[in-house]
Amino acid sequence: MTRKEIIILSAGLGFLIIWIIDLNAPTPVEIKGNFWLEIYFHYVWLMFGLGSLLYFQYTKNMRIKEEEKKAGEAKPDIRSRAMKSSKRKN
């Protein structure tokens, strides 16, 4: 795991923990009764957490694809060198 992935994963988990703590906190009086403000007040942390976790998954998949691509490029070179060296001169 790269440093970028570790930071994104930590941020995502941190946002989810903040969301859980925020759900247990009382809703401010000026927001109570207004459905959309209540939703925004509590669930913005959840959206930050989910967004971070989805971005973590995306970066992880991109890194794995790049590693596979680099590994795939190295194999034909080794095989072609082995084929050239094993050829007999007539």
Side-chain angles (χ1 to χ4, degrees):
M1 219 181 331
T2 63
R3 183 177 292 158
K4 178 182 177 181
E5 291 173 351
I6 293 170
I7 291 171
I8 294 169
L9 182 60
S10 300
L13 293 176
F15 285 136
L16 290 177
I17 291 170
I18 291 171
W19 173 66
I20 292 169
I21 293 169
D22 188 50
L23 281 177
N24 293 324
T27 306
V29 177
E30 56 270 1
I31 292 178
K32 277 192 176 181
N34 191 340
F35 177 76
W36 293 110
L37 286 178
E38 285 184 28
I39 292 292
Y40 178 76
F41 183 76
H42 287 295
Y43 292 99
V44 68
W45 295 112
L46 177 64
M47 292 300 114
F48 283 148
L50 291 177
S52 298
L53 293 176
L54 289 173
Y55 186 62
F56 163 74
Q57 189 68 31
Y58 173 77
T59 56
K60 186 180 91 170
N61 287 338
M62 294 304 290
R63 177 183 50 86
I64 290 172
K65 283 182 184 178
E66 288 177 11
E67 288 175 356
E68 288 176 353
K69 185 178 177 182
K70 287 179 183 177
E73 291 174 357
K75 288 181 181 178
D77 293 337
I78 294 170
R79 290 180 187 157
S80 63
R81 288 181 190 165
M83 295 296 283
K84 288 179 182 177
S85 63
S86 67
K87 286 183 181 177
R88 295 183 182 175
K89 295 182 179 177
N90 292 337

Hydrophobic clustering (ILVMFWY, side-chain heavy atoms < 4.5 Å, transitive) - are [Y] and [X] grouped together?
X: Trp19; Y: Trp36; value: yes
X: Phe56; Y: Ile7; value: no
X: Leu37; Y: Met47; value: no
X: Val44; Y: Tyr55; value: yes
X: Leu16; Y: Leu54; value: no

Anything under 3.5 Å between a donor and an acceptor, one on a side chain of residues 20-35, the other on a protein residue two or more places apart or in another chain? List them.
unit_1	atom_1	unit_2	atom_2	d
Asp22	OD2	His42	ND1	3.3
Asn24	ND2	Ile20	O	3.4
Thr27	OG1	His42	NE2	3.0

Atom CZ of Phe41: over 12 foreign heavy atoms under 6.0 Å: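 Yes - once you tally the heavy atoms of other residues, nucleotides and ligands closer than 6.0 Å, there are more than 12.
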Heavy-atom closest contact (Ser52 atom, Gly12 atom, distance):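 The pair with the smallest heavy-atom distance is CB-CA, 3.5 Å.
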Could you grab the distance from atom [atom1] of [X] to atom [atom2] of [Y], nearest 0.5 Å is fine?
X: Ile8; Y: Thr2; atom1: CD1; atom2: OG1; value: 7.5 Å
X: Ile6; Y: Met1; atom1: CD1; atom2: CE; value: 5.5 Å
X: Gln57; Y: Glu5; atom1: CD; atom2: CD; value: 9.5 Å

Test salt bridge (charged side-chain N to carboxylate O under 4.0 Å, His left out) applied to Glu67 - qualifying residues, sequence neighbours left out: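 Arg63.
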